Protein chains: 2
Amino acid sequence: MLMIDKLSSKPVYEQIIDEIEKNILLGIYPPESVLPSLRELSVTLSINPNTIQKSYTELTRRGIIKPSPGSGCYVSPNAKEMIRQNALQKLELIRTITEELQLAGISKEEILATVSAVYVHNDK
Amino acid sequence: MLMIDKLSSKPVYEQIIDEIEKNILLGIYPPESVLPSLRELSVTLSINPNTIQKSYTELTRRGIIKPSPGSGCYVSPNAKEMIRQNALQKLELIRTITEELQLAGISKEEILATVSAVYVHNDK
DNA sequence: CAAGTGTACTACTCGATATAGTGCACTTAG
DNA sequence: CTAAGTGCACTATATCGAGTAGTACACTTG
């Protein structure tokens, strides 16, 4: 089940993308399996079909899912690898923020500790 | 001189904040010194006075500058420390992105390397 | 007093987000 | 073959934040 927070500042269509990617990575949506249809998700999430379609279009552009008009949308065989490729672009964001933090006088150790803490926390 | 890119996706008022903080940290705007007036910056940067005011209001909220109606805006004595305090909140953003990267299968080492590279690069 | 300062206020444009509704071509199950 | 379901395209509308534009007021300074 996808968790969507309509009150969040994060656009709904981005939340849907994140949730679907999450389910793919967790194996809930295995490769080659069929995703919920646009209209089905629209009903269960009480979200306009066009918003769902925007999410699916973006997931298609990223090579994570493959739509088959008349049949449904299917998880790409190499979906997990494509998700990883797209995530790597976020490293650029990390780099930008790090530059700002450095300029503001934040030590490298403080940032490294923050990053490490995330992995330590979820490694148990 | 403040560098503003009106074509950037980053809001102009945020760019102004960043540039002023940068100049304060670099000592170009020393503590207790007076900043360019709203109208002066408006003319030199060809930006609406309200946009400049929005930046100054935010800088005031952060305790980085102190406005003196009728006189001008002055750099706070402890401006650098206030900038550092506000920057620390960006660590939370680092943490959020790190969690997403972890979920996408990005190794901790890749992120740590990205962060370290920024500091190495500017240490020369 | 006059000029310059920060501040407050309203009105407008613009793009992104999201909703709403309709229609079309396709695939699939009966 | 038929009907249902599918992805997809299209237009229209509403909302919100960012930014622009202009005016006015109270204050400080020379």
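Per chain, numbering begins at 1; letters A, B, ... match sequence-line order. All values derive from a computational prediction rather than experimental measurement. All heavy atoms count here, side chains included; hydrogens, waters and symmetry mates do not.
Between the CD atom of Gln53(A) and the C1' atom of dG21(C) there is a distance of 13 Å, rounded to whole Å. Across the protein-nucleic acid pair, Tyr56(A) atom OH and dG5(D) atom P stand 17 Å apart, rounded to whole Å. Taking atom CG of Asn48(B) as the reference point, atom C1' of dT23(D) lies 12 Å away to the nearest angstrom. Look at CD1 on Ile16(B): it is 9 Å from P on dG19(D), rounded to the nearest Å. Protein atom CG of Leu41(A) is 13 Å distant from nucleotide atom C1' of dG7(D), rounded to whole Å. When the P atom of dG19(D) is taken as reference, atom CD1 of Ile4(B) falls 11 Å away, rounded to whole Å. Straight-line distance from the CG atom of Leu45(A) to the P atom of dT19(C): 11 Å, rounded to whole Å. In this structure, Ile65(A) atom CD1 and dG7(D) atom C1' are separated by 10 Å, rounded to whole Å.
Here the side chains of Tyr29(A) and Ile65(A) are not in contact, with every heavy-atom distance at 4.5 Å or above.
Ion pairing of Glu58(B) with Lys54(B) is absent here, as no side-chain N (NZ or NE/NH1/NH2) approaches a carboxylate O to less than 4.0 Å.
For the OP1/OP2 pair of dT5(C) and a distance below 4.0 Å, the side-chain nitrogens and oxygens of Ser71(B) include no atom meeting the criterion. Taking 4.0 angstrom as the limit, Thr51(B) places a side-chain polar atom (N or O) nearer than this to OP1 or OP2 of dT20(D). In terms of phosphate contacts, Lys54(B) brings a side-chain nitrogen or oxygen within less than 4.0 Å of OP1 or OP2 of dA18(D). Residue Tyr13(A) places at least one side-chain N or O under 4.0 Å from the OP1 or OP2 atom of dT17(C).
Along DNA chain C, the nucleotide closest to Asn50(A) and the one closest to Pro36(B) are compared, and the more 5′ of them pairs with Pro36(B). When the nearest nucleotides of DNA chain C are assigned to Arg39(A) and Lys10(A) by heavy-atom distance, the more 5′-ward of the two goes with Lys10(A).
More than 12 heavy atoms of other residues, nucleotides or ligands shown are found within 6.0 angstrom of CE on Met1(A).
In terms of modelled atom types and a separation under 3.5 Å, the side chain of Ser42(B) and the main chain of Asn48(B) share no donor-acceptor contact.
Across all strands, Glu40(B) comes closer than 4.0 Å to no nucleic acid atom at all (heavy-atom distances).
To the nearest 0.5 Å, atom CD of residue Glu40(B) and atom CD1 of residue Ile52(B) are 10.5 Å apart.
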